[in-house]
Amino acid sequence: MASYVNWGILGASNFALNTMGPAINEARRGRLAAVASREPEKATPFADLAPGVAIHDSYEALLDDADIDAIYIPLPNALHVHWSILAAEAGKAVLCEKPIAMEEEDFERLIAAREATGHLIAEAYMPVHHPQWVRARNMIQSGDLGDLHTVTAAFTYGLFDPANVRNSAELGGGALRDIGVYPIGTFRFATGMEPAPTHVDIVRESGVDASTWVMSQSGDTRFQFHVAMRTTKRQDMIFEGTKGWLRLPVPYNAEVQGEARLELRYADGAEEVIRYPQTRQYVNQVEAFNAQLLDGVPFACPLEFSRGTQAVIDRVFAMD
């Protein structure tokens, strides 16, 4: 049995170079072995990250590389399903950047490919691998906050370059697909609930949602969130219950936008702060993927979970 995973990256994006490439190479029992780019000069900086890394001048060449066990896909959103399926059919495990699909029905093809090939296909949704979210889920679902009645979230940043793929409708851009997956997915992960949108307000620019406000409900719990690409950086998520509230001031970009921590205040006035300094959720994510491949440990973000988040996004768009 193999003792480590050889990784290849399909595309030489800045995020792959600066974030996921280092995470792949630093994660236990894995190493970055190859990168593919149709412009090979864009892949050469990966050699500084992982000396000896193979550079392929086509995506197909990477899929044909017999030394590669797993493929990370950071391509534009609209290309995710196509290349994820091709990679699995080429005998590779697949970790694809979020959102792995454009619509819920795409998951039928992804799940079918996973089952037919026997190779893991999963979405790179890193919050579920961070201990702050595991702890938050345990607190909420064990009743530490009492009956949950309100959850609020925001995730915003400024993106004004019209050439950026996130501003391209053809390539699957927009705030909801890019960052809406975070409040929706973490709500579902932490609470075990499925939110049903009740009111939606979307501001579109050049065919993509630049800002989106959503109100939703799950049983007696109200969940509202705002995502935007036309303001400054902000992220926050608060869970309010009958026994207390829980705030995550850096819920999504832990360590990038600040220290991950849980801030709690209970009904009796007691307060608690739980800190997670220097916890690297991208490394955790890769190590969890390696553990699935090498040990059969279930991955925390299977396609079935990602499908549920995409279903909510589809309903939001349908209400616009």
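What you see is a predicted model; the values in this text were computed from it and never measured. In what follows, residues are counted from 1 in the order of the sequence shown.
Within the 4.5 Å cutoff, side-chain heavy atoms of I121 are placed close to those of I100. The shortest side-chain heavy-atom distance between Y182 and M126 falls under the 4.5 Å cut-off. Residues E194 and R188 form a side-chain contact, since some pair of their non-hydrogen atoms from C-beta on lies under 4.5 Å apart. Side chains of V134 and N138 form a contact here, defined as non-hydrogen atoms less than 4.5 Å apart. No side-chain heavy atom of R222 sits under 4.5 Å from any side-chain heavy atom of M215. A heavy-atom distance below 4.5 Å is not found between the side chains of F239 and M139. Residues L248 and L262 meet the side-chain proximity criterion, which asks for heavy atoms closer than 4.5 Å. Two residues are said to be in side-chain contact when any heavy atoms from C-beta on lie closer than 4.5 Å; N167 and M229 meet this criterion.
The closest donor-acceptor contact from the side chain of S58 to the backbone of A61 lies under 3.5 Å. For N290 (side chain) and A27 (main-chain N/O), no donor-acceptor pair under 3.5 Å exists by modelled atom type. With T309 contributing its side chain and I184 its backbone, the two residues share no donor-acceptor pair below 3.5 Å. Judged purely by atom type and a 3.5 angstrom limit, T156 uses its side chain to pair as donor or acceptor with the backbone of T232. The main-chain N or O of K98 is never found under 3.5 Å from a side-chain atom of H80 such that the two would form a donor-acceptor pair. Using a distance-only test at 3.5 Å, with no hydrogens or angles considered, a donor-acceptor pair links the side chain of D106 to the main chain of E103. Using a distance-only test at 3.5 Å, with no hydrogens or angles considered, a donor-acceptor pair links the side chain of Q281 to the main chain of Y252. Judged by distance alone, with hydrogens and angles left aside, the side-chain atoms of N25 form a donor-acceptor pair with the main-chain N or O of L32 at under 3.5 Å. The backbone N or O of T191 sits nowhere less than 3.5 Å from a side-chain atom of R137 that would complete a donor-acceptor pair. A donor-acceptor distance shorter than 3.5 angstrom exists from the side chain of Q235 to the backbone of N253, with no hydrogens or angles considered.
In R204, the CZ atom is crowded: over 12 heavy atoms of neighbouring residues, nucleotides or ligands sit closer than 6.0 Å. For OH of Y4, the number of neighbouring non-hydrogen atoms (other residues, nucleotides, ligands) closer than 6.0 Å is 12 at most.
The shortest heavy-atom contact between P74 and L10 is CD-O, 3.1 Å. Here the closest heavy-atom approach between residue V165 and residue P76 is recorded as CG1-CG, 4.3 Å. Here the shortest heavy-atom pairing between A88 and V94 reads N-CG2, 3.9 Å. Closest non-hydrogen pair, P183 versus V227, comes out as CG-CG1, 4.1 Å. Residues F189 and Q141 share a closest heavy-atom pair of O-NE2, 3.5 Å. Contact between L159 and R230 at its shortest, heavy atoms only, is O-NH1, 2.7 Å.
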Report the C-alpha distance between E26 and Y282 in whole Å, list the side-chain angles of each, state the deciding distance to 0.1 Å, and finish with yes or no for side chain to side chain contact (heavy atoms under 4.5 Å, CB included). CA-CA 10 Å; E26 295 171 27; Y282 292 103; over 6 Å; no
Would Y157 and D178 count as a side-chain hydrogen bond (donor to acceptor under 3.5 Å, both in side chains) if you check the C-alpha gap in whole Å, the side-chain angles of each, and the deciding distance to 0.1 Å? CA-CA 11 Å; Y157 63 91; D178 184 38; 2.5 Å; yes
Kindly indicate, with the supporting measurements, whether the criterion side chain to side chain contact (heavy atoms under 4.5 Å, CB included) is fulfilled by D147 and H149. CA-CA 6 Å; D147 296 329; H149 60 76; over 6 Å; no
List the steps and the verdict of side chain to side chain contact (heavy atoms under 4.5 Å, CB included) for F225 and V151. CA-CA 8 Å; F225 68 89; V151 180; over 6 Å; no
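In this structure, E255 does not pair ionically with R280, as no charged nitrogen and carboxylate oxygen lie closer than 4.0 Å. Salt bridge D144/K243: absent, no basic N to carboxylate O contact under 4.0 Å. Salt bridge present: E287 and R28 bring a charged side-chain N and a carboxylate O closer than 4.0 Å. Look at E304 and R114 and you find a salt bridge, because one of the NZ, NE, NH1 or NH2 atoms lies within 4.0 Å of a carboxylate O, short of that distance.
Ring geometry for F299 against H129 counts as tilted: the plane angle lies between 30° and 60°, on a 0 to 90° scale.
In summary, the aromatic rings of Y59 and W83 are positioned with their centroids under 6.0 Å apart.
No path of Ile, Leu, Val, Met, Phe, Trp and Tyr side chains, each step under 4.5 Å between heavy atoms, connects I140 with W245, placing them in separate hydrophobic clusters.
Counted by atom type alone, Q285 and Y125 present zero donor-acceptor pairs between their side chains at under 3.5 Å.
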